[in-house]
Amino acid sequence: MINQCFIEHPLSMTPEGSLNRLPVSGDLLALHDPLRHLSGLNGAQLMSRRALVDLLNTLDHPCGGKPRQFIEHFDPLNDIDSLILQLYAYRFAAVIDTARQGTGWPVQSRFTKSLTEHWNQAQTLVISGGLTCGSFGLDLARRVESLIDQIDVIASPWGSTTALFGLAQTVSFEQDLLVMDFGATGVKRGIASKYGNRMMLLPDLSVEQFKEGGLIRKGGLMAIFEQTRKQVDQPMPVAISLACYLKNGHPFDYHSGIYHRLRDDAPHLALALRDHWLPDCGFTTLALLDHDSTSAAFAFRMKQPAMMVTLGTGLGSAPCPRIA
């Protein structure tokens, strides 16, 4: 059982290492003729849910504006589906190769140098998130692997719920544990037991109704906890992943996403959750709080260096833990 509610890792992710903000090398994009016009865009503009919607609309796909429907009904034998997969894989390969080059980070620091070194050493790339589900995710992994040298690419079998399994396996309680993944558009929830080997999923929640001024603040977070407590039959500890970069369990002061201003609602977010906010909503304590991509990476412990990339509303990344 983990005694701390947050864990610091040698490469705990920071805003400096965000693939969302990484300007993708025009030279790398130019290697693929269809992408010449995309030079100068960043990771989020190339690979986010919004980017996939734009691609579907540009190519007049029947699922235009409906990326979930496209992924659910993806057919690699359909010409337009195959073309979208190809273009998306080209973009993804350009993002990853830019990260491996290390010269494009908006801030050059000791952290980004260490991160670049890890990217270069990585022998496996795991992809997860809502845009990697089903056969689209499997085919995307295969196509990206064919475009990037010396790296194996695999799709998480848990897709958009990978962070829940990562949280459960890291905390590893025998008894019931509530796991919650707070994303940019929704909250995924589940009750894990048997050391994270059994998971009962709860219905997803949209975050829209809980926002204040476009952000999730303490009031909205507490309302989500209170609503969730009504759906579980007993008090239990909670492990949380958050679409927000954290330092020692507290958000960085940066202007991105919907959760970063929680830093203004408590001197220390993890401790406030553990000591007050969760107990006030009927839960026992906070077992773990971490960045959402880091939580997804927890589900894949590797002997060799590996990276997790999550594809959804935005583009997340984190090193996978090493097996000692």
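Just so it is clear, the structure is predicted and the values come from calculations on it, not from any experiment. Computation of the quantities below employed the complete heavy-atom set of this structure, encompassing side-chain atoms and omitting hydrogens, waters and symmetry-equivalent molecules.
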Using the benzene-type ring in the case of Trp, are the ring centres of His61 and Phe70 under 6.0 Å apart? yes
Out of Asp292, Asp181, Thr294, which residue meets the side-chain hydrogen bond (donor to acceptor under 3.5 Å, both in side chains) rule with Ser241? Asp181
For Arg263 and Cys244: C-alpha separation, side-chain torsions, deciding distance, then whether side chain to side chain contact (heavy atoms under 4.5 Å, CB included) applies. CA-CA 11 Å; Arg263 65 173 285 114; Cys244 178; over 6 Å; no
To check you understand the geometry: which heavy-atom pair defines the closest contact between Gly43 and Val24, and what is its length? N-CG2, 4.0 Å
If you define the side chain from C-beta out and look only at heavy atoms, does anything of Val238 sit under 4.5 Å from Val179? no
Between Gln231 and Pro203 the two heavy atoms that sit nearest each other are NE2-CD, 3.7 Å
I'd like to check Thr162 versus Phe300 (side-chain heavy atoms, cut-off strictly below 4.5 Å). Are they in contact? yes
CG of Leu246 to CG of Leu289, rounded to nearest 0.5 Å, is 5.0 Å
Does a side-chain heavy-atom distance below 4.5 Å link Asp152 with Leu125? no
Donor-acceptor under 3.5 Å (Arg91 side chain, Leu46 main chain): yes
Are the side chains of Tyr195 and Phe173 in touch, meaning some heavy atoms are under 4.5 Å apart? no
Student check: side-chain heavy atoms of Met180 and Val187 closer than 4.5 Å: yes
Would a distance-only check, ignoring hydrogens and angles, find a side-chain to backbone donor-acceptor pair under 3.5 Å from Thr284 to Met236? yes
Are Leu202 and Met222 joined in one hydrophobic group, where the rule is that I, L, V, M, F, W and Y side chains link up if heavy atoms are under 4.5 Å apart? yes
Shared hydrophobic cluster, Val309 / Phe111 (ILVMFWY, side-chain heavy atoms < 4.5 Å): yes
With the 4.5 Å side-chain cut-off for hydrophobic clustering, are Trp105 and Phe252 part of the same group? yes
Are the side chains of Phe182 and Val207 in contact, using a 4.5 Å heavy-atom criterion? no
Looking only at non-hydrogen atoms, find the nearest pair between Leu56 and Pro67 and report the distance. CD1-CA, 3.9 Å
Answer whether the closest heavy-atom distance between the side chains of Phe92 and Leu147 falls below 4.5 Å. no
Evaluate Trp277 against Leu286 for side chain to side chain contact (heavy atoms under 4.5 Å, CB included), listing each step before the verdict. CA-CA 9 Å; Trp277 297 4; Leu286 175 69; over 6 Å; no
Trp158-Ile154 co-clustered via ILVMFWY side chain contacts under 4.5 Å: yes
Find the distance between CG (Leu140) and SG (Cys133) and round it off to the nearest 0.5 Å. 11.5 Å
Does Asn197 reach the main-chain N or O of Lys194 with its side chain, forming a donor-acceptor pair under 3.5 Å? yes
For the pair Leu87 and Leu55, evaluate side chain to side chain contact (heavy atoms under 4.5 Å, CB included) and give the outcome as yes or no after the intermediate values. CA-CA 9 Å; Leu87 295 175; Leu55 196 54; 3.9 Å; yes
Between Thr170 and Arg301, does any side-chain donor sit less than 3.5 Å from a side-chain acceptor? yes
Closer than 3.5 angstrom, by distance alone: can the side chain of His276 be matched with the main-chain N or O of Ala272 as a donor-acceptor pair? no
Give the cluster check for Met13 versus Val107: same hydrophobic cluster or not, with ILVMFWY residues linked at side-chain heavy-atom distances below 4.5 Å. no
Stepwise ring pair (Phe, Tyr, Trp, His ring centres under 6.0 Å) check, Tyr245 with Tyr254: CA-CA 9 Å; Tyr245 291 106; Tyr254 71 110; 5.8 Å; yes
So does Thr112 get a backbone contact from the side chain of Thr116, meaning a donor-acceptor N/O pair under 3.5 Å? yes
Between the side chain of His118 and the main-chain N/O of Met307, is any donor-acceptor distance below 3.5 Å? no
Is the NZ atom of Lys211 crowded by more than 12 outside heavy atoms at less than 6.0 Å? yes
Is the shortest side-chain heavy-atom distance between Arg189 and Leu205 below 4.5 Å? yes
Ser156 and Ser128: side-chain donor and acceptor closer than 3.5 Å? no
Does the pair Asp265/Arg261 count as a salt bridge with the N-to-O cut at 4.0 Å? no
For the atom pair OG (Ser293) and CG (Leu19), what is the distance rounded to the nearest 0.5 Å? 8.5 Å
Within the side chain of Tyr88, is there an N or O that forms a donor-acceptor pair under 3.5 Å with the backbone of Met47? yes
Note: Tyr259 and Ala243 closest approach over all heavy atoms is CD1-O, 3.8 Å
Within this structure, what is the CD-CZ distance for the pair Gln234 and Arg229, rounded to the nearest 0.5 Å? 8.0 Å
Leu52 vs Ile84, test: side chain to side chain contact (heavy atoms under 4.5 Å, CB included). Steps then yes/no. CA-CA 9 Å; Leu52 180 57; Ile84 289 172; 4.0 Å; yes
Just wondering, more than 12 heavy atoms not from Gln209 lying within 6.0 Å of its CD? yes
Atom CZ of Arg198: over 12 foreign heavy atoms under 6.0 Å: no
Rounding to 0.5 Å, atoms CZ (Phe210) and CD1 (Ile224) come to a distance of 5.0 Å
Distance, nearest 0.5 Å, that separates CG of Leu288 from CG of Asp290: 5.5 Å
Salt-bridge contact Arg100-Asp149 (side-chain N to carboxylate O under 4.0 Å): no
If I compare all heavy atoms of Asn20 with all of Asn42, which pair ends up nearest, and what's the gap? O-CG, 3.1 Å
Please confirm whether the backbone N or O of Cys63 pairs with a side-chain atom of Gln69, one donor and one acceptor, at under 3.5 Å? no
Considering all heavy atoms of both residues, which atom of Ala168 and which atom of Leu177 are nearest to each other, and what is their separation? CA-CD2, 4.1 Å
Would a distance-only check, ignoring hydrogens and angles, find a side-chain to backbone donor-acceptor pair under 3.5 Å from Ser48 to Gln45? no
Under the ring pair (Phe, Tyr, Trp, His ring centres under 6.0 Å) rule, what do Phe298 and Phe165 come out as? Steps first, then yes or no, please. CA-CA 8 Å; Phe298 286 157; Phe165 285 89; over 10 Å; no
For Arg143, is there any backbone N or O sitting under 3.5 Å from a side-chain donor or acceptor partner on Ser146? yes
